[in-house]
Amino acid sequence: MCIEKQTEFLSYRNDSLTLVFIVLSMVLILITTLILGIFISFRDTPVVRAHNHTLSFILLVSIKLSFLSVFLFLGRPVDITCMLRQTSFGITFSIAVSCVLAKTLMVSIAFKATKPGSPWRKWVGVKLANGLVFICSLIQFLISVIWLVIAPPYVEKNFHFEPGKIIIQCNEGSVVAFYIVLSYMGLLASVSFIVAFLARSLPDSFNEAKYITFSML
């Protein structure tokens, strides 16, 4: 007689691992929302304005969206969630790291611009930071679009991973595109860390780079 095989995936019901992911994500989303609320409440204060409040808002929102993208990895996979899970996380996380990179560069440029007759003065301002975030995020967006057009991820059933069970999972479509997305995020994070590490010895007035170095670690 035929014995029906069990299907397995990260179900919302009766799965302790899924519950851990949900609880962690919700806690981190609440913390990020609380910090964002504090920034919005004090958006007109000198401290928030001096640190480019627009960039801080974008950073916090993108971090929140990164935590929300975890829910695309949970539940029974379908074609649309398979296509969105990696690309949405890649784009939102790249925006967050781009904001960190822009803030780090602005710290370094602001310190160099304090010297009389410094050519760095023309680079001080929000336009450079916002432009850097836009370009870095656009590159990741284009990589994701090319991936979805050429070889989009799809649902597949794995009959061989565990005998007697069918694992419902997402096939990435193009392994090369998947690793390009990961590599680009790693590149942004590495550049942010290197720039922050080089700027760690700035005076206390510019000590944000020290915290950025620690956070990147």
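Position 1 is the first residue of the sequence, and the numbers go up from there. Computed over heavy atoms, backbone and side chain alike; hydrogens, waters and symmetry mates excluded. Given the structure is predicted, the values throughout are model-derived calculations rather than measurements.
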**Student:** If we ignore hydrogens and angles and just use 3.5 Å, is the side chain of Asn130 paired with the main-chain N or O of Leu55 as donor and acceptor?
**Tutor:** no
**Student:** Given the rule that I, L, V, M, F, W and Y join up when any side-chain heavy atoms are under 4.5 Å apart, are Ile135 and Leu101 in one cluster?
**Tutor:** yes
**Student:** Is any side-chain heavy atom of Pro153 less than 4.5 Å from a side-chain heavy atom of Leu148?
**Tutor:** yes
**Student:** Do the side chains of Ile143 and Trp147 get nearer than 4.5 Å, heavy atoms only?
**Tutor:** no
**Student:** Could you check whether any side-chain heavy atom of Thr87 comes within less than 4.5 Å of a side-chain heavy atom of Phe141, counting everything from C-beta outward?
**Tutor:** no
**Student:** Assess whether atom CZ of Phe93 is packed by more than 12 heavy atoms of other residues, nucleotides or ligands within 6.0 Å.
**Tutor:** no
**Student:** Do the non-hydrogen side-chain atoms of Phe57 and Ile40 ever get within less than 4.5 Å of each other?
**Tutor:** yes
**Student:** Exactly one of Ile63, Leu65, Leu59 should register a side-chain contact (heavy atoms from CB on, under 4.5 Å) with Thr32. Which one does?
**Tutor:** Ile63
**Student:** Are Asn171 and Tyr154 linked by a side-chain donor-acceptor pair shorter than 3.5 Å?
**Tutor:** yes
**Student:** Does any non-hydrogen side-chain atom of Lys103 lie less than 4.5 Å from one of Ser192?
**Tutor:** no
**Student:** Please determine which of Ser137, Ser183, Ser94 meets the side-chain contact (heavy atoms from CB on, under 4.5 Å) test together with Leu188.
**Tutor:** Ser94
**Student:** Taking a hydrophobic cluster as the set of Ile, Leu, Val, Met, Phe, Trp and Tyr residues connected by side-chain heavy atoms closer than 4.5 Å, whether directly or through intermediates, do Leu72 and Tyr12 fall within one such cluster?
**Tutor:** no
**Student:** Stepwise, does the side chain to side chain contact (heavy atoms under 4.5 Å, CB included) test hold for Val97 with Met185?
**Tutor:** CA-CA 8 Å; Val97 179; Met185 288 191 290; over 6 Å; no
**Student:** If you draw a 6.0 Å radius around CZ in Phe21, do more than 12 non-hydrogen atoms from other residues or ligands fall strictly inside?
**Tutor:** no
**Student:** For a 4.5 angstrom cut-off between non-hydrogen side-chain atoms, does Tyr184 reach Cys136?
**Tutor:** yes
